[in-house]
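Throughout, a chain's letter reflects where its sequence line sits, starting with A, and its residues are numbered from 1. Keep in mind that the numbers below use all heavy atoms, side chains included, and drop hydrogens, waters and symmetry copies.
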There are 2 protein chains.
Amino acid sequence: MSVDSRRPRVGIIGTGAIGGFYGLMLARAGYDVHFLLRSEFDTVAREGLQVKSAVHGELSLKPVQAYRSAAEMPSCDWLLVGTKSTGNAALGPIIRQAAAPNASVLLLQNGLAVEDQLRNVLPDSLHILGGLCFVCVNRVAPGVVAHEAFGAVSVGYHSGPAKDEASRMAVVEACAALFRTAGIDAPVMANLQQARWQKLVWNVPYNGLSALLQTSTGRLMADPDSQALIRSLMDEVVQGAEACGHSLPPGFAQHLFTVTESMPDYRPSMYHDLAERRPLELDAIYARPLAAALAAGFDMSRVRALYQALAFIDRGNHPASKE
Amino acid sequence: MSVDSRRPRVGIIGTGAIGGFYGLMLARAGYDVHFLLRSEFDTVAREGLQVKSAVHGELSLKPVQAYRSAAEMPSCDWLLVGTKSTGNAALGPIIRQAAAPNASVLLLQNGLAVEDQLRNVLPDSLHILGGLCFVCVNRVAPGVVAHEAFGAVSVGYHSGPAKDEASRMAVVEACAALFRTAGIDAPVMANLQQARWQKLVWNVPYNGLSALLQTSTGRLMADPDSQALIRSLMDEVVQGAEACGHSLPPGFAQHLFTVTESMPDYRPSMYHDLAERRPLELDAIYARPLAAALAAGFDMSRVRALYQALAFIDRGNHPASKE
């Protein structure tokens, strides 16, 4: 094996807000971290990465082991994928080039069934894990990430060569240890699908409404009508999860609502995606959960209305990239 | 009586797109029409009114019998109210000043229960009629109205001194005759409430979505997701009407959908209200129908979600005018 087992080599696929933040934290903890970049390669290669964190202060990493192409990267034991889920179909060749033979690929994305899509384009020898980021980060300039709050990554096993529960847990625990060494809370998820539904209880209302209404969590939480709309969307997602066999903890939606009330004012990623005319992550966050719940007999009708409004906006926002 | 019965005197309360269009048509048909204006008084008094009509060509009226205040107007037999329903609470004194003793007040507004609100502030001696305008008009400049399609006004009796069906019908028929003489189709509605629900089947989706998505009917009808959203909103309003005891004709929603597909591209009034930072007519078009349907046991959940999103936008659009 080409890799020193005491110092795992980590590849960051997509060095945006998520990839940049976690990659920098891991590099500062002593891991050998390699960053794949596209449009920001020149800036980051020259000036490094910065995280302006409300929690950790101003952090920087320079020089950065930066690459324009996955073919130039060394084989990595861990690949952290921080790209938008809208590009998952194209990830196969990139990950195959950057992955060591038994590498683990951690998908740091929102939504449902994102790992399934990746499984179809990766060899069976690679572990796929799902990671749910509970973090408020935004890319504010090339190579510069603002970290406003939180930071945890919940990790769970999706699929791959680990065939029994003990070996799956060993991979997940190793992944969690990677983050914990870097000072990042990393709970282990026994049930990845349930955890993804739990995350949707937040993402469905806040991502979509921040884009649709061109606003932030703080303003959404200060208005009685948007508050009521958020609660009804959350309730529908909880019912959708239940229809799919995932009973969420009692009071879970209320818990997220309260957490968001006390959060610093935040513009979720979909707000920024719309503003910067990137495709919205509507498949992962809306279409697949809607289809899964409907197949299980429950129509999330308000969620569907929100999805349809967002799909209309998305189609007009980047006409060239659609069918 | 101060009024020549062969040439009724008509007062237009609110000379915007609706009031300007119908008032000009009635004046050109020979009626003695008096226009109440506010911000556009100077322009209209000096330059008259113009209707640029795709149906009738370029029409103008000059001079215009224009007034800054209802106190200056002569007593009118007919008062046509074309103001926004958001200002109905303040209409009492204005209408009392302009109305002949047994005048009829025709409320040319969308939404539910708009006449109830007016009834509370008017003497019992005045007839109140409801009018539903099936017309695509927009005010494009002070005193200038663009008329893009259609034109009919359906009229029905709401309340007042006519206590039996025959005398109610006599008032409504006289009102319809007024319009027909001016070349305007004016069906008589036996059931005003049902007709208001029928109009809501159009107004609820198209007014709200044009404002929320900052778009026109043509673009809404060209996108599969907004099409589906429109259909589901229409279906909910039809169910809401049924819950309230109004069975709409079979296929009514589909009929409106088809009519709108073949309509010229149009931006409904709520689009313009938002763009020009006027209060949105959310009470009449959303809150009251929602409350009526809920009281009858049916929650129009998608309509409610749309209403909540619009209420959030409306509150931010003119912060000074809200509580």
Side-chain angles (χ1 to χ4, degrees), chain A residues 204-206 208-237 239-240 271 274 279-280 282-283 286-287 290-291 294 298-319 322-323, chain B residues 204-206 208-237 239-240 271 274 279-280 282-283 286-287 290-291 294 298-319 322-323:
Chain A
V204 164
Y206 292 104
L209 292 178
S210 74
L212 181 69
L213 302 175
Q214 289 287 289
T215 196
S216 62
T217 57
R219 284 192 55 217
L220 289 171
M221 298 307 281
D223 181 280
D225 287 293
S226 48
Q227 272 188 15
L229 180 52
I230 288 164
R231 285 186 187 278
S232 65
L233 290 165
M234 284 182 161
D235 288 346
E236 268 192 8
V237 179
Q239 291 175 66
Y271 172 93
L274 182 70
L280 307 185
L282 299 182
D283 259 24
Y286 295 94
L290 279 164
L294 194 61
F298 180 66
D299 185 23
M300 302 191 290
S301 61
R302 295 175 187 88
V303 175
R304 188 177 302 281
L306 175 57
Y307 165 65
Q308 289 164 331
L310 290 166
F312 174 87
I313 292 175
D314 183 49
R315 205 164 280 124
N317 200 43
H318 53 103
K322 304 294 284 193
E323 70 277 48
Chain B
V204 164
Y206 292 105
L209 293 178
S210 74
L212 181 70
L213 302 174
Q214 289 287 287
T215 196
S216 63
T217 57
R219 285 194 54 218
L220 289 171
M221 298 308 280
D223 181 281
D225 287 292
S226 47
Q227 272 188 16
L229 180 52
I230 288 163
R231 286 186 186 278
S232 65
L233 289 165
M234 284 182 160
D235 288 347
E236 269 192 8
V237 180
Q239 292 174 66
Y271 172 92
L274 182 70
L280 307 185
L282 300 182
D283 259 25
Y286 295 94
L290 279 164
L294 194 62
F298 180 67
D299 185 23
M300 302 191 289
S301 62
R302 296 174 187 89
V303 175
R304 187 176 302 281
L306 175 58
Y307 165 65
Q308 290 164 331
L310 291 166
F312 174 88
I313 293 175
D314 182 49
R315 204 164 280 124
N317 200 43
H318 53 102
K322 304 295 283 192
E323 67 277 46

Quick check on [X] against chain A: is it the side chain, the backbone, both or neither that has a heavy atom closer than 4.5 Å?
X	answer
B:Arg219	both
B:Leu229	both
B:Leu220	both

*Enter the distance from B:Ser301:OG to A:Met300:CE here, rounded to the nearest 0.5 Å.*
13.0 Å

*Going from CD on B:Gln308 to CZ on A:Arg302, what distance comes out if it is rounded to the nearest 0.5 angstrom?*
8.0 Å

*Does a side-chain heavy-atom distance below 4.5 Å link B:Arg304 with A:Ser232?*
no

_Is there a side-chain contact between A:Thr215 and B:Phe312 in this structure, where contact means two heavy atoms from C-beta onward sitting under 4.5 Å apart?_
yes

*If you count heavy-atom pairs under 4.5 Å between each of B:Leu233, B:Leu213, B:Leu209, B:Ile313 and chain A, which one has the most?*
B:Leu213

_Using a 4.5 angstrom heavy-atom cutoff, name the option from A:Leu212, A:Leu310, A:Asp225, A:Leu306 with the most pairs to chain B._
A:Asp225

